[in-house]
Visitor: 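Just passing along the structure, written as structure tokens.
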Amino acid sequence: MRRCMSLSALSFAAALLTISACSKKTTEKKEPPAEKPAEGTPPAEGTPPASGGGGGQVEVFSWWTGPGEQEGLDAMIAVFKEKNPGIEVVNAAVSGGAGTNAKAILANRLQADNPPDSYQRHAGLELVDDIKAEKLEDLTSMFDQQGWKDKMPKGLLEAITIDGKIYSVPVNIHRANLIWFTPKTLKELGIAGPPKTWKEFLTQAADIKKKGKTPLAVGPSWTQKHLLETVLLGELGPEKYTGLWNGTTDWKSPEVSAALETFKKVLAVSDIKTAAADWQPAADRVADGAAVYTVMGDWQDAYWGRAKKMKFKEDYDVVASPGSAGVYDFLSDSFTLPLKAKNRDAAVKWLELCGSVEGQDAFNPQKGSVPARTDADKSKYKDYLASALEDWQNPSTKIVGSLAHGVVANNALSSEIDTALGLFVASGDTKAFAEAIGKAYAATK
Ligand code: GAL
């Protein structure tokens with residue numbers, strides 16, 4: 001398993017080498033032990049996080065509230081309480097898929113220097129603004145102390161390393177490029193199997209529409225952005241998709257225009273005019289048989305498999321989104337240590353659990369993700385998750401980074417894409433869409 005992970009990590013690293021703000025250097029330098037700062041006192045730069053501090057509380061901020069979201073967090077909190085009976089966990093989760101609401105609230109709290117003790121951020125360029133604004137503590141020495149550098153794939157470490165320093169603790173790996181369905185609906189409609197390409201999807205969709213069902217269920221705009229990334233990936237392939245984020249694929253090229261035209265056609269056979277309020281209700285439309293497919297990350301496995309108690313392969317199934325077999329469009333949830341954390345010692349304990357085998361093996365089987373660590377207990381990952389772990393560890397799997405979940409675009413580019421996507425959904429103007437994103441991308445250079 002270790003061998004597989006390191007091979008897989010090589011291609012992973014290659015895919016991420018292009019993330020400009022991430023440095024390839026990792027600091028091996030040992031910092032001298034520092035005195036433990038008082039609670040609430042921001043430590044000096046490079047200070048190794050101190051363990052210890054038995055009581056008090058820790059405020060943990062995420063967006064994992066609803067069914068399919070909160071089970072994993074609850075499982076990790078339960079382990080934390082067992083290990084730290086004197087520390088109260090204040091679960092400050094704010095509802096809304098992909099953190100749409102949580103991120104706005106967090107921005108205000110960071111601005112006001114009133115951060116939670118630890119907050120969720122995706123590995124990748126989503127972290128950069130907080131680091132530049134000097135909101136986060138350097139966790140490099142914690143990684144050294146805990147021996148985590150040898151326990152996580154190199155490419156993942158690169159995604160959380162800026163200028164040689166590591167700033168967050170990854171708890172999982174999610175896969176974004178998945179299309180979900182129920183065998184029952186496919187059978188009812190006489191569909192032999194899920195589409196292997198977006199072209200095949202559109203052919204199936206024409207037939208599905210004639211039979212009075214919705215081909216594709218979507219939710220709010222972040223789910224449409226998630227769909228956009230999977231259509232771009234499926235139509236362009238992993239190298240050119242990655243090229244969109246490292247400057248080697250031109251947003252104004254004919255192939256990108258063609259991919260955006262496909263995206264337009266895909267949206268046209270979705271229920272975007274009556275889009276669901278979030279990803280769970282979009283999944284419900286598929287489970288109920290009103291819609292046939294939905295494209296979503298593997299947190300949907302937690303929703304259907306755990307929260308809704310549906311049986312994998314019998315009640316639901318999932319494959320790589322059209323055109324992306326053999327590719328893992330990854331994202332990673334990670335937790336940070338704000339410099340202004342009020343309960344730093346307790347937050348360090350939370351992070352230690354996030355990075356541990358015990359924490360990850362409690363969290364991930366519930367969350368619908370695979371562990372960020374390479375040495376987790378494989379037997380805990382069943383059904384869909386067993387296949388996800390196998391794909392993630394397969395040396396021939398190609399790894400690319402998610403747009404909608406913070407890996408390949410920084411916050412400024414991501415929000416420009418949100419604006420351009422909103423305009424595109426209203427106008428259908430692919431040329432203006434490509435130009436707007438191309439311009440926003442160029443501005444990040
Ligand atoms: C992602 C996050 C996942 C899941 C999903 C839906 O951004 O990384 O863990 O929560 O949003 O809310």
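Both backbone and side-chain heavy atoms feed into the values below; hydrogens, waters and symmetry mates do not. One-based numbering along the sequence shown. Numbering of ligands and ligand atoms starts at 1, following listing order.
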Visitor: Quick one: are the ring centres of Tyr293 and Trp180 less than 6.0 Å apart?
Guide: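 Not close enough - the centres of the two rings lie 6.0 Å or further apart.
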Visitor: Output the list of atoms in ligand 1 that are nearer than 4.0 Å to some heavy atom of Lys367, sorted by atom number.
Guide: 3 (C), 4 (C), 9 (O), 10 (O)
Visitor: State whether the shortest distance between N or O atoms of Glu69 and N or O atoms of ligand 1 falls below 3.5 angstrom.
Guide: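 There is such a contact, yes.
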Visitor: Using a strict cut-off of 4.0 Å, indicate which atoms of ligand 1 neighbour a heavy atom of His122.
Guide: 1 (C), 2 (C), 7 (O), 8 (O)
Visitor: With a cut-off of 4.0 Å, which atoms of ligand 1 are near a heavy atom of His174?
Guide: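 The list of qualifying atoms is 3 (C), 9 (O).
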Visitor: Run the salt-bridge test on Lys225 and Asp418 with the 4.0 Å N-O cut-off and return the result as yes or no.
Guide: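 Yes, charged N to carboxylate O under 4.0 Å.
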Visitor: Thinking salt bridges, do Asp144 and Lys149 make one under a 4.0 Å N-O criterion?
Guide: yes
Visitor: Please determine if His405 has a nitrogen or oxygen closer than 3.5 Å to a nitrogen or oxygen of ligand 1.
Guide: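 Yes.
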Visitor: Using 4.0 Å as the upper bound for N to carboxylate O, is an ion pair formed by Lys380 and Asp377?
Guide: yes
Visitor: Just checking His226 against Trp279, ring centres under 6.0 Å apart?
Guide: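 No, ring centres 6.0 Å or more apart.
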Visitor: Taking only heavy atoms of Leu331, which atoms of ligand 1 are found under 4.0 Å from at least one of them?
Guide: 8 (O)
Visitor: Inspect the contact between Lys309 and Asp315 and indicate whether a charged nitrogen and a carboxylate oxygen are less than 4.0 angstrom apart.
Guide: no
Visitor: In terms of atom number and element, which parts of ligand 1 are under 4.0 angstrom from non-hydrogen atoms of Trp279?
Guide: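 Going through ligand 1 atom by atom, the ones under 4.0 Å from Trp279 are 6 (C), 12 (O).
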Visitor: Indicate yes or no: does an N/O atom of Asp333 lie under 3.5 Å from an N/O atom of ligand 1?
Guide: yes
Visitor: For a side-chain hydrogen bond (donor to acceptor under 3.5 Å, both in side chains) with Arg121, tell me which candidate from Thr336, Asp333, Asp130 qualifies.
Guide: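 Checked Thr336, Asp333, Asp130 against Arg121; only one passes side-chain hydrogen bond (donor to acceptor under 3.5 Å, both in side chains): Asp130.
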Visitor: Mark up the atoms of ligand 1 that fall under 4.0 Å of a heavy atom belonging to Gly97, in ascending order.
Guide: 12 (O)
Visitor: Does the residue Ala98 have a heavy-atom contact with ligand 1, meaning some pair of atoms that are separated by less than 4.0 Å?
Guide: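 Heavy atoms of Ala98 do come under 4.0 Å of ligand 1.
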Visitor: Tell me whether Asp429 contacts the main-chain N or O of Ala432 through its side chain, where contact means a donor paired with an acceptor under 3.5 Å.
Guide: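 Yes; at least one donor-acceptor contact below 3.5 Å.
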Visitor: Give yes or no for whether the N/O distance cutoff of 3.5 Å, strictly under, is met between Trp222 and ligand 1.
Guide: no
